[in-house]
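Counting starts at 1 for both ligands and their atoms, following the listed order.
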Amino acid sequence: MILSSLLFFAASAVALILDVASSGGNQSSSLLYGVLYEDIYHSGDGGLYGEMLRNRAFQGSSSGGAASLARNTDYWHPFGGATIAIDTSSPIISSSLPYQMRMDVPAGTKGTVGFYNEGFWGFDVDATKRYVASLYMRGNYSGTVNCYFQSNTTGQNLGLTSMSIDQTSSAGWVQSHSATFQPSQSGSNGNNTFYFTFDGSKLAGQSVYFNLLSLFKQTFNNRFNGVREDLADSLFNMNAKYIRLPGGNNMEGNNSPYEWKWNRTIGSLTDRPGRPGSWGDINTDGFGLLEMMQMAQDLGLEVILGIWAGLYLDGEVISEANLQPYKVSVMNELEFLLGDKSTTYGAQRAALGFPSPFPIKWIEIGNEDYLNGGTDSYYAYRFMTFYNAIHAVYPSINLVSTINPNPVTSKGSSLDLHIYGNENYFVSLFDTFDQASRKYPVFVNEYAATNTGSNNNGQVGAQTLGMSCAEAIFLLGCERNSDVIVGSAYGALIKNYNEAPNTVAVIKHTANEVLYTISYYVQKLFAEHMGTRTLPVTATNGGFGPVYWSATANSSSTILKLINYDGKTGSSNALQVNIKGSSKTSATLITLTAPSSKSVNNLPSLGGESSTITTTTLSGSAGSFSVSFSNPYEIAILIV
Ligand SMILES: *[C@@H]1O[C@H](CO)[C@@H](O)[C@H](O)[C@H]1NC(C)=O
Ligand SMILES: *[C@@H]1O[C@H](CO)[C@@H](O)[C@H](O)[C@H]1NC(C)=O
Ligand SMILES: *[C@@H]1O[C@H](CO)[C@@H](O)[C@H](O)[C@H]1NC(C)=O
Ligand SMILES: *[C@@H]1O[C@H](CO)[C@@H](O)[C@H](O)[C@H]1NC(C)=O
Ligand SMILES: *[C@@H]1O[C@H](CO)[C@@H](O)[C@H](O)[C@H]1NC(C)=O
Ligand SMILES: *[C@@H]1O[C@H](CO)[C@@H](O)[C@H](O)[C@H]1NC(C)=O
């Protein structure tokens, strides 16, 4: 080893040398890499949530970018001479869904009538997958309802199913399901519609009523009312350890009384009224509390449960005197999730198919409670009201503050920092936690580099390699200090590309495609290769910048993460890594890079990915390895 070091020095006198100690670090947080779920720009409805029909139960609308309780038949279109309208005549299907769609069929109609839905910017039609359609109908109809996909590009019918209906209006609302079907052919793209068609001669001169129309493709783990398979796979492959849910600003609600309410998101879909979300769209709440918990369980993610802490986004705050019912609601929610079957709400959960309580170790009290003047009331009573109530019944649950400093600094109480800024800012944060107080643990439950370089003009939706490297540098700081930084989660996790191409997210989706940003690959690789303890690293011939690093180890390997940020390339600029105490002569090097700092990943149909991941084997001697970068912007993970 001495000899090879000497030779190395002879070749390059100024090469950076990193000596990775074999001990002397701290235990790292096993949760370090997590995700944030909230319904933002169709993360839930039209995203993870498997429902494919848009405006399925006429719960509201969005116009001018704001969610509204005004009802309309948007995304539905009649054909064959029928007309459709919003209707409130009795009987309604439920008090939660008091608006329905009426189809009027003119007297004398002979042909086929019906309507189609546009979906969430189309539909994925995949001949290898199973689908099922359903609807609730009121009125007189004895006949067949054909249900099928139609391609907008070719006009072709891509696969048909049907349901037989035999009902009269005196029967009230009747639910019918189609046979499960596989499309006869896959769509050439997502530009498809979904039709429900009726025998017009049997409806001539009549009106029939519809609500809660639904179309599901087979879901992740085949869950009923579950999540989209491809998107759940994307999350699964991130190797994240926890999920914070249900948000985020969307949990808070724009104004009274539209905070997210757990007990309106459980049970029969006909009992879920939905609510105006904070990001411009109506939430159906079909993706409710139990569906989220089921997804977390299926993905093996620990849950950080967000509870609403009395602040609406418009600045309205619940007074201390009026906070009691909200506290009771939270305690009921916790009993629902954590109580055994002998408790009132635990029994309700069991009756809904979840006999075992969920393991919840973390609860976050609110979200960004400093917004719009919330700080004073948070410190004065909002935090403590929830803290005291929860702590008294569930003393082992860790309670997270959304404002720094944490109102309670005793062991187990932690803090959630949200960090957004441009690329340069994220690079500057590389050492921000090195001197942090060790008094209480910190989550960074939202972060993102939202713009390139030093630019602050809004967000750059297509995250560049440079932005992702800057985030990676920040994450190295979290990892180096993962004795105090418990977890990190990018904001946002997932957005619909059609709706929000110009703001950042880890992944973006369309009806039939997924865009994996370079940030996605950073997080995936970092989470996949994460030790259980940190290791001190001593640098010779240089310090942080343009190369940044962090070392961890597990019982079998030392893992050194390196980032070249506008640095040198090629073997003549190789840095030398010495893993103290190691006699290994072979190491694995995984690199993530793209042609330039401005490179971005795109949807498969729009050019695909510019980033590449390469795995190579390095030879060295007795724990010493020479590592060179191939690109001025590159992420490298050395596993020895
Ligand atoms: C371990 O934590 C202490 C603070 O408790 C910190 O000063 C030290 O740098 C950490 N060690 C490593 C290797 O990160
Ligand atoms: C498909 O065409 C129909 C009819 O023009 C339209 O309503 C729908 O928005 C189109 N879908 C997409 C994804 O463009
Ligand atoms: C259904 O048919 C019955 C008997 O013909 C009629 O009284 C009733 O109005 C019809 N219902 C609707 C919704 O048209
Ligand atoms: C879908 O196809 C229709 C008809 O070809 C076209 O007008 C429309 O722009 C397409 N929509 C999308 C999103 O490509
Ligand atoms: C939900 O909980 C609130 C507050 O505890 C209560 O007032 C309301 O009736 C409940 N709603 C449902 C649908 O159970
Ligand atoms: C240690 O980390 C390496 C690199 O991620 C991994 O391949 C290996 O399986 C891990 N070993 C254990 C025991 O977890």
Q: Measure the acute angle between the ring planes of Tyr447 and Phe474, then classify it against the limits of 30° and 60° as parallel, tilted or perpendicular.
A: tilted
Q: Under the salt bridge (Lys or Arg N to Asp or Glu O under 4.0 Å) rule, what do Asp230 and Lys129 come out as? Steps first, then yes or no, please.
A: CA-CA 12 Å; Asp230 56 343; Lys129 303 288 183 183; over 6 Å; no
Q) So is Ser555 polar-close to ligand 6, meaning N/O to N/O under 3.5 Å? A) no
Q: Would you mind listing which atoms of ligand 6 come within a distance below 4.0 Å of any non-hydrogen atom of Ser556?
A: 1 (C), 10 (C), 11 (N), 12 (C), 13 (C)
Q: Take Glu513 and Lys508, measure what salt bridge (Lys or Arg N to Asp or Glu O under 4.0 Å) needs, and give me the verdict at the end.
A: CA-CA 8 Å; Glu513 291 188 281; Lys508 292 181 188 169; over 6 Å; no
Q. Looking only at protein heavy atoms, which one is nearest to atom 5 (O) of ligand 2, and how far off is it?
A. Tyr116 OH, 4.2 Å
Q: Identify the heavy atoms of Pro276 and Ile282 that sit nearest to each other, and give their distance.
A: CA-CD1, 3.8 Å
Q: Just jot down the ligand 6 atoms closer than 4.0 angstrom to any heavy atom of Ile559, in number order.
A: 2 (O), 4 (C), 5 (O)
(Q) Using heavy atoms and a 4.0 Å limit, tell me yes or no: is Tyr75 in contact with ligand 2? (A) no
Q. Under 4.0 Å from ligand 2, counting heavy atoms only, is it the side chain of Thr193, its backbone, both or neither?
A. side chain
Q. Can the positive tip of Arg54 be found less than 6.0 Å from the middle of the six-membered ring of Trp121, inside 45° of the ring normal?
A. yes
Q) Does some non-hydrogen atom of the protein lie less than 4.0 angstrom from atom 7 (O) of ligand 6? A) no
Q. Do any nitrogen or oxygen atoms of Tyr209 lie less than 3.5 angstrom from nitrogen or oxygen atoms of ligand 3?
A. no
Q: If you have a sec, work out which protein heavy atom is nearest atom 14 (O) of ligand 3 and how many Å separate them, to one decimal?
A: Gln206 OE1, 3.1 Å
Q. Which is closest to atom 1 (C) of ligand 2 by heavy-atom distance: Asn117, Thr153, Asn152?
A. Asn152
Q. Could you walk me through whether Met101 and Trp76 pass the side chain to side chain contact (heavy atoms under 4.5 Å, CB included) check?
A. CA-CA 10 Å; Met101 181 169 78; Trp76 293 98; 4.1 Å; yes
Q.
With a 4.5 Å cut-off on side-chain heavy atoms, are Ser61 and Asn55 touching?
A. no
Q: Would you name the heavy atoms of Leu475 and Gln523 that are closest together and state the gap between them?
A: CD1-CG, 4.5 Å
Q: With rounding to the nearest 0.5 Å, note down the distance linking CZ in Phe123 to CG in Leu215.
A: 6.0 Å
Q | For Glu528, the ligand 6 atoms whose distance to one of its heavy atoms is below 4.0 Å | A | 5 (O)
Q: Below 4.0 angstrom from a heavy atom of Trp121, which ligand 2 atoms are there? Numbered from 1 as shown, please.
A: 13 (C)
Q) Identify the closest protein heavy atom to atom 12 (C) of ligand 2: which residue and atom is it, and at what distance? A) Asn191 OD1, 3.0 Å
Q: Return the residue, atom name and 0.1 Å-rounded distance of the protein heavy atom closest to atom 10 (C) of ligand 3.
A: Asn140 ND2, 2.4 Å
Q. Looking only at heavy atoms, is any part of Phe120 under 4.0 Å from ligand 2, and if so is it the side chain, the backbone, or both, or is it neither?
A. neither
Q: Would you mind checking which non-hydrogen protein atom is closest to atom 13 (C) of ligand 3, with the distance to 0.1 Å?
A: Ser207 O, 3.4 Å
Q: Taking all heavy atoms of Asp104 and all of Ser207, pick out the closest pair and write down the distance.
A: OD1-OG, 2.7 Å
Q) With a cut-off of 4.0 Å, which atoms of ligand 6 are near a heavy atom of His529? A) 4 (C), 5 (O)
**Q.** Shortest protein heavy-atom distance from atom 9 (O) of ligand 2, along with the residue and atom involved
**A.** Glu118 OE1, 2.6 Å
**Q.** Selection from Asn554, Thr558, Asn239 by shortest heavy-atom distance to atom 3 (C) of ligand 6
**A.** Asn554
Q | Value rounded to 0.5 Å, distance of CZ in Phe625 from CG in Leu638 | A | 6.5 Å
Q: Taking the six-membered ring for Trp and the single ring otherwise, decide whether the centroids of Tyr195 and Phe79 are under 6.0 Å apart.
A: yes
Q.
I need the atoms of ligand 3 closer than 4.0 Å to a non-hydrogen atom of Ser169, numbered in the order shown.
A. 1 (C), 8 (C), 10 (C), 11 (N), 13 (C)
